[in-house]
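Below: the structure, in structure tokens.
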Amino acid sequence: MKITLAILVCLSLLVSCSTDAVNDSDFEAGDIFTDSDIRVVQLDTMTVDFSTMKFDSVDTSQSVRMLLGKYKDPVYGTVKGASFMEFIPSSYFIDTDAEFDSITFILRPDNYYYNDTLQSNTLHIKELSEALKPEDGVNFYNTSTIDFYEEDLGELTYIPRPLSTDSLEVKLLDTFGFSLFDNFQQKKITTYDEYRNSYYGITIQPDDTDDGPIIGFSLLSTIRLYYSIAGEEERTQSYTDFTINTTSSPVPFFNQVSAEEPNEYLKSLTDQETNLHSTETDNLSFIQSSIGIATRLEFPNIKSVFDIQGEGTLLDASLKISPSVNSYDDLLTLSDTLSVFVVDQNNELTSQLLSTDGSVAQAILNRSNQEFNDIYYELPLSGYLEGLISTDQESSDALILLPSDYNSTVDRFVLNTDINSQSTTLELTYAIYDEDE
């Protein structure tokens with residue numbers, strides 16, 4: 001939200017001090033400082049332009065997990081996670097004396113979940129009817145589509161226990177399992193190329209009626225084909241595992257994540273280059289992982305510090321931004337950190353922002369006054385803003401806030417961007433020396 005800059009007329013924001021009062025840990029005091037009177041100016045009314053943007057798509061083929069489930073969100077609409085994947089057999093050999101027993105899909109939770117885990121989920125496992133080939137020949141995205149057969153290979157309704165180490169085992173159709181068994185045993189399929197030309201992979205879809213959590217499952221989940229060989233006294237059981245293919249290029253795996261019928265604000269985000277300013281959204285800004293909705297930050301008047309009489313340097317800069325009250329709870333939780341990325345004028349992601357010490361910059365959630373509903377993300381920005389101040393040209397770049405694992409989660413946030421509310425502020429500490437009379 002654009003707010004008129006009023007930093008130079010507010011004497012209450014100016015704090016004079018001697019060189020003895022300056023903390024050596026904040027900056028290195030050279031000869032210019034030690035031979036001059038120093039005035040430290042604290043500014044907390046600097047303009048920040050907040051807006052919301054949405055990437056056209058998010059590369060979810062690089063996700064570290066499957067995202068499976070569906071729930072209704074009061075802000076973002078109906079959020080749905082489904083996965084598409086190709087499998088590789090551990091062996092193409094089955095003994096000629098073996099007999100087919102069964103085939104199952106072993107799903108391993110990886111501790112990630114979002115929303116209400118007390119509600120049941122239903123998984124529908126279906127066979128793909130076309131090969132996993134990305135349209136652009138490079139990657140799959142949350143918006144990618146692959147056709148599949150409507151008939152279930154397997155189905156399971158369960159109460160999620162995402163922190164449990166127990167796996168879910170879903171029995172698949174015997175006809176599907178026997179087809180694999182017969183092709184391997186009869187040596188009709190003996191290579192990966194032959195295999196992938198006959199079996200494209202599977203998709204796991206939530207039930208249309210689900211309204212529970214989205215659960216993360218490990219990419220170490222497997223399909224297991226059981227068979228046995230008769231012995232003189234008993235049968236010996238064996239199996240062949242099929243693992244998710246994450247090594248081919250392009251990776252034949254992705255999460256298809258959608259959010260249908262969001263609020264009216266978010267419906268207007270139809271193009272990646274659209275910036276929905278917080279003046280149009282009741283001083284709110286939005287973030288949603290895997291869908292690619294991000295909060296965008298610009299600092300259009302940062303060079304106004306030059307209007308302060310005398311030469312100076314930026315000692316510190318910190319942005320505090322609060323989640324909107326009632327936008328989060330025990331089910332729609334807040335993550336402890338948000339990462340910061342740099343985008344260009346077209347909202348193309350160019351890099352991840354680094355702090356002055358070279359580490360990845362993060363907005364960290366401060367919960368110290370949580371009992372009074374006073375929590376906020378705090379983001380150190382001295383290095384980035386010093387760069388904006390020191391360059392001669394106006395920057396066309398901006399910052400965006402997203403979780404670091406934005407392509408592997410469905411975390412969502414609603415932020416309060418009203419600087420006048422005192423819960424969201426940009427605080428600068430600026431040291432002035434050799435001030436002209």
Side-chain angles (χ1 to χ4, degrees), residues 55-69 80-92 105-112 114 123-149 153 167 170 172 180 189 191-206 214-225 240-258 272 288-292 339 341 348-352 402-411:
F55 289 103
D56 291 335
S57 58
V58 174
D59 179 2
T60 56
S61 65
Q62 304 302 316
S63 175
V64 300
R65 61 173 60 92
M66 292 181 260
L67 293 170
L68 303 176
K80 174 185 175 182
S83 294
F84 293 73
M85 65 210 74
E86 177 185 285
F87 285 84
I88 301 176
S90 58
S91 171
Y92 297 95
F105 193 174
I106 302 171
L107 284 157
R108 297 179 171 88
D110 79 342
N111 297 333
Y112 175 78
Y114 202 77
L123 302 177
H124 296 275
I125 301 172
K126 300 175 183 290
E127 187 176 6
L128 301 184
S129 58
E130 63 172 320
L132 277 159
K133 296 180 179 179
E135 288 186 11
D136 64 2
V138 180
N139 291 310
F140 289 102
Y141 305 91
N142 68 304
T143 55
S144 297
T145 57
I146 295 291
D147 290 338
F148 55 87
Y149 297 109
L153 288 179
S167 299
V170 187
L172 304 183
L180 286 165
I189 292 177
T191 67
Y192 168 64
D193 286 339
E194 292 174 344
Y195 167 78
R196 69 175 180 175
N197 287 333
S198 298
Y199 300 95
Y200 299 132
I202 67 165
T203 178
I204 308 175
Q205 299 283 327
I214 289 183
I215 302 295
F217 288 95
S218 170
L219 298 185
L220 298 178
S221 300
T222 56
I223 289 178
R224 181 162 291 178
L225 173 64
T240 291
D241 275 347
F242 297 73
T243 57
I244 298 174
N245 184 358
T246 58
T247 58
S248 295
S249 182
V251 176
F253 163 83
F254 72 98
N255 288 314
Q256 185 185 71
V257 184
S258 60
Q272 182 169 312
Q288 188 177 27
S289 296
S290 287
I291 300 296
S339 290
F341 299 87
E348 293 289 344
L349 197 150
T350 61
S351 63
Q352 192 163 5
L402 274 173
S404 59
D405 52 359
Y406 64 88
N407 64 357
S408 300
T409 63
V410 291
D411 295 12

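All values reported here derive from a predicted model rather than from experimental measurement.
- To the nearest 0.5 Å, the span separating CD1 on Ile291 from OG1 on Thr60 amounts to 9.5 Å.
- Among Ser290, Ser61, Ser408, Ser83, the single residue meeting the side chain to side chain donor-acceptor pair (under 3.5 Å) criterion with Asn255 is Ser83.
- For the residue pair Pro109 and Ser167, the shortest heavy atom distance occurs at CD-CA, 4.2 Å.
- In this structure, Glu86 contributes its side chain and Gly201 its backbone to no donor-acceptor pair below 3.5 Å.
- The CD atom of Glu130 sits 4.5 Å away from the CG atom of Asp147 when rounded to the nearest 0.5 Å.
- Using modelled atom types, one finds no donor on one side chain facing an acceptor on the other under 3.5 Å when comparing Asp405 with Tyr112.
- Residues Asn245 and Thr243 bring no donor and acceptor atom of their side chains to less than 3.5 Å of each other.
- Of the possible polar contacts, none joining the Ser57 side chain to the Thr143 backbone as a donor-acceptor pair under 3.5 Å is found.
- Remark: Glu348 CD to Asp56 CG distance equals 8.0 Å, nearest 0.5 Å.
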Worksheet entry | Audit row: Tyr92, Tyr195, side chain to side chain contact (heavy atoms under 4.5 Å, CB included) steps and yes/no | CA-CA 9 Å; Tyr92 297 95; Tyr195 167 78; 3.8 Å; yes
Item to complete: Just do the side chain to side chain contact (heavy atoms under 4.5 Å, CB included) check on Gln205 and Phe84 with the steps written out, would you?
Response: CA-CA 9 Å; Gln205 299 283 327; Phe84 293 73; 3.5 Å; yes
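- Arg224 contributes no side-chain N or O that, together with a main-chain N or O of Ile106, makes up a donor-acceptor pair within less than 3.5 Å.
- Between Leu67 and Tyr114, the closest side-chain pair of non-hydrogen atoms is not below 4.5 Å.
- In terms of modelled atom types and a separation under 3.5 Å, the side chain of Ser221 and the main chain of Arg108 share a donor-acceptor contact.
- Put simply, NZ on Lys80 and CD1 on Ile214 are 10.5 Å apart, with the number rounded to the nearest 0.5 Å.
- The backbone N or O of Ser289 sits nowhere less than 3.5 Å from a side-chain atom of Asp411 that would complete a donor-acceptor pair.
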Practice prompt. Step by step, work out the side chain to side chain contact (heavy atoms under 4.5 Å, CB included) result for Met66 and Asp110.
Written response: CA-CA 9 Å; Met66 292 181 260; Asp110 79 342; over 6 Å; no
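- At least one side-chain heavy atom of Ile189 sits less than 4.5 Å from a side-chain heavy atom of Tyr199.
- Residues Leu402 and Ser339 are not in side-chain contact: their nearest non-hydrogen atoms beyond the backbone lie 4.5 Å or more apart.
- Distance check, rounded to the nearest 0.5 Å: CG of Asn139 to CG of Asp59 gives 4.0 Å.
- Aromatic rings of Phe242 and Phe87 (six-membered ring for Trp) have centroids beyond the 6.0 Å cut-off, not under it.
- In this structure, the side chains of Leu107 and Leu123 come closer than 4.5 Å at one or more pairs of heavy atoms.
- The distance from atom OH of Tyr200 to atom OG of Ser129, rounded to the nearest 0.5 Å, is 8.5 Å.
- Across every non-hydrogen atom of Pro206 and Gly81, the tightest pair is CD-O, 3.5 Å.
- Taking the six-membered ring where the residue is Trp, the centroids of Tyr141 and Phe55 are separated by 6.0 Å or more.
- For the side-chain contact (heavy atoms from CB on, under 4.5 Å) with Met85, the qualifying choice from Thr203, Val251, Ile204 is Ile204, the only one to do so.
- Remark: Glu135 CD is loosely packed, at most 12 non-hydrogen atoms of other residues, nucleotides or ligands lying under 6.0 Å away.
- A donor-acceptor pair under 3.5 Å links the side-chain atoms of Gln256 to the main chain of Ser144, judged by distance alone.
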Practice prompt. Go through Phe105 and Leu153 one step at a time and tell me if the side chain to side chain contact (heavy atoms under 4.5 Å, CB included) criterion holds.
Written response: CA-CA 10 Å; Phe105 193 174; Leu153 288 179; over 6 Å; no
